[in-house]
Every structure is written in structure tokens, then in C-alpha cells.
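Just so it is clear, the structure is predicted and the values come from calculations on it, not from any experiment. Labels below follow one simple rule: chain letters A, B, ... track the order of the sequence lines, proteins then strands, and each chain is numbered from 1.
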2 protein chains.
Amino acid sequence: MIGMKASEMSRRHGELCPLDTTLKILDGKWKSIILCRLMKHEFRYTELLRTLPGCTRRMLSLQLSQLENDRIIVKQTDTSYVPVKTSYRLTPAGRSLVPIVLAMNKWGATYLERLIPVEAK
Amino acid sequence: MIGMKASEMSRRHGELCPLDTTLKILDGKWKSIILCRLMKHEFRYTELLRTLPGCTRRMLSLQLSQLENDRIIVKQTDTSYVPVKTSYRLTPAGRSLVPIVLAMNKWGATYLERLIPVEAK
DNA sequence: CCGCATCCGTGCGGATACTG
DNA sequence: CAGTATCCGCACGGATGCGG
């Protein structure tokens with residue numbers, strides 16, 4: 001089950017569930033925030049790393065390669081430089097996910113606001 | 001970190017991230033499908049269990065109690081019966097999540113369709 | 001009918017060191 | 001600069017049994 005694509009993972013309930021496919025794609029400690037970065041513009045690897053305090057190179061590589069396997073982002077490697085320059089940007093599929101990510105972010109913000117009075121009592 | 005509410009969990013990147021709050025609420029093997037069931041109508045515990053092939057009582061209880069802690073669903077207990085009758089339904093917060101769940105489901109379906117030609121080659 | 005307690009395997013993510 | 005390799009702790013979820 002390791003290294004499997006999200007599209008192959010969503011048969012957990014017997015049938016293939018599109019909702020779980022989407023959730024699986026977003027599942028990973030740094031994926032959501034990486035998508036938030038990449039929806040602004042493309043990023044270099046180290047540049048991206050610097051915007052993610054607490055994220056190790058290992059984790060960044062893992063999350064990026066999973067997003068790449070799921071065709072949400074693409075890596076571009078420019079070998080005409082030494083050391084090599086790589087950059088990451090959203091694919092069409094990745095861009096089509098942006099409105100949903102924004103909707104989830106907005107829902108979460110409202111949820112947290114509404115929750116404060118409940119938590120405080 | 002165990003038994004923590006989703007609202008308390010989303011500080012992983014230092015700042016509180018509403019997007020991660022939303023993802024955390026949906027994070028759990030059976031939560032998405034439970035929400036799919038409860039958006040139709042309320043369910044009894046065992047009735048719900050029968051619609052989730054492969055889900056154990058332990059897992060159903062776990063997922064339900066987490067959704068309850070996050071104020072997405074409410075449990076109603078009718079003690080006038082023996083054995084006790086319990087049922088679960090969406091809260092206002094839970095109902096407000098439905099459009100997003102539907103959007104994710106739709107996005108996932110389109111994603112899987114588009115992927116088939118890519119995977120096949 | 002509706003759970004909770006316990007034990008346990010597996011995989012995620014942290015820490016650290018190494019490389020083209 | 002942009003990764004990979006290895007080791008490891010811990011939480012998630014499966015299996016099973018008990019209880020109000």
C-alpha cells in the first residue's frame with residue numbers, strides 16, 4: 001500500500017469513492033500548505049522549503065513526489081545550470097482543485113470563529 | 001495529541017490554518033462516508049453500521065465520537081427504551097459542510113475520469 | 001443494542017547523515 | 001542546490017473480548 005497513488009487508494013469501502021480520492025490527494029502533513037504556496041506562483045525547491053518552517057527536506061521531497069504522482073503538480077528541471085535548478089507548479093488538475101481548497105479554507109475560518117464562544121464557556 | 005479536537009490540531013505549521021482544520025475534521029477512515037450517509041437522514045448506530053461493510057463497532061464509535069467532539073454531528077439517546085436507542089444526525093455546522101463534501105466528490109469523479117486515459121497507456 | 005478495554009501490526013513522519 | 005538512505009517512535013486502525 002506504500003507509494004500508491006490516491007486514485008488506487010480509494011477502494012477502502014469496497015467501492016471506488018471519488019470523495020476519498022480527493023481527501024487522499026490532500027492527505028499529508030504539508031500538502032495543503034504546499035498547494036497554498038503553489039497557487040500563488042511556481043516555486044523552487046529550496047525557496048518553497050524556506051516558506052515552510054519546520055518542514056524537513058525529506059518531508060518536502062515526499063509530499064512533492066506524492067503530489068507529482070497524483071498529477072497535481074509538475075516538476076521542471078533545468079539542467080543547463082550547475083547545480084541543477086528545479087521548480088514546481090500546478091498542473092491543470094491542480095489548478096482545478098484551487099476553488100475547493102479555498103472553499104475549505106473559508107469554511108474552516110468560519111467554523112473556528114463560531115467555535116470560540118463554545119470553547120470559552 | 002490523542003483525542004484532540006480538530007480545532008486544536010491545526011497549528012502544525014506554527015500558525016492556525018483553517019484549511020487544515022477542515023481537513024482534520026474529515027480525516028479518518030470512515031468519516032467521509034459517515035457524513036455521506038448522515039446527509040441523507042439521521043441514522044441509528046447499528047443501522048449506520050450495516051451500511052458500512054468492513055467497519056467494526058470500535059471504529060464506528062471512534063469516528064462518531066470524534067465527529068461529535070468537533071460538533072459536526074450530535075448523538076440523541078432515547079432512554080425510555082431498553083436497550084437504549086441512539087441516533088446520530090448532522091448539526092448546523094455539519095450541514096454547512098455538505099456543499100463542500102459534494103464539491104470534493106464531484107471533483108474526485110472528474111479527476112478519476114480524466115485519469116483513466118493516462119493510466120491506460 | 002451500543003458501546004469500551006486491551007493487545008498488536010503497520011505506516012507516517014521526525015532526526016540525522018550522506019550524495020550527485 | 002536538491003535531494004536519498006536509514007533508523008525509530010508513536011498514533012491509527014484491525015481483531016477480539018467484555019459489559020450496561
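Between the CG atom of A:Asp78 and the P atom of D:dA2 there is a distance of 11 Å, given to the nearest Å. Straight-line distance from the OH atom of A:Tyr45 to the C1' atom of D:dA2: 6 Å, rounded to whole Å. Taking atom NZ on A:Lys24 and atom P on D:dC12, their separation rounds to 14 Å, with Å as the unit. Counting to the nearest Å, the P atom of C:dC2 and the CG atom of B:Leu64 are 11 Å from each other. Computed from coordinates, the A:Gln63 CD to C:dG11 P distance equals 17 Å when rounded to whole Å. As rounded to whole Å, 12 Å separates atom P of D:dT4 from atom CD of A:Gln66. To the nearest angstrom, P of C:dC2 lies 14 Å from CG of B:Leu52. The distance between atom CD of B:Glu47 and atom P of C:dG3, rounded to the nearest whole Å, is 13 Å.
A donor-acceptor contact under 3.5 angstrom links the side chains of B:Arg37 and B:Thr51, judged on distance only. Side-chain atoms of A:Ser61 and A:Tyr45 form a donor-acceptor pair, as typed in the model, at a separation below 3.5 Å.
Distances shown here put a side-chain N or O of A:Thr46 below 4.0 Å from the OP1 or OP2 atom of D:dA2. In this model, the phosphate group of D:dG3 is approached by a side-chain N or O of A:Tyr88 to a distance below 4.0 Å at OP1 or OP2. One finds a side-chain N or O of B:Thr86 lying less than 4.0 angstrom from the OP1 or OP2 phosphate oxygen of C:dG3. Applying the 4.0 Å criterion to OP1 and OP2 of C:dG3, one finds that B:Lys75 has a side-chain N or O inside that range.
In this structure a side-chain-to-backbone donor-acceptor pair under 3.5 Å is present from A:Thr91 to A:Ala93. In this structure, the side chain of B:Glu42 does not engage the main chain of B:Tyr88 through any donor-acceptor pair within 3.5 Å. Between the side chain of B:Asp70 and the backbone N or O of B:Lys5, no donor-acceptor pair lies under 3.5 Å. Using modelled atom types, one side-chain atom of B:Thr22 and one backbone atom of A:Met104 make a donor-acceptor pair closer than 3.5 Å.
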5' to 3', nucleotides 14-20 of chain D under a 4.0 Å protein heavy-atom cut-off (B base, S sugar-phosphate only, - none) gives BB--B--
Take B:Lys31 and B:Gln66 through the test side chain to side chain donor-acceptor pair (under 3.5 Å) and record every step on the way to the result. CA-CA 9 Å; B:Lys31 285 186 192 168; B:Gln66 287 172 20; 2.8 Å; yes
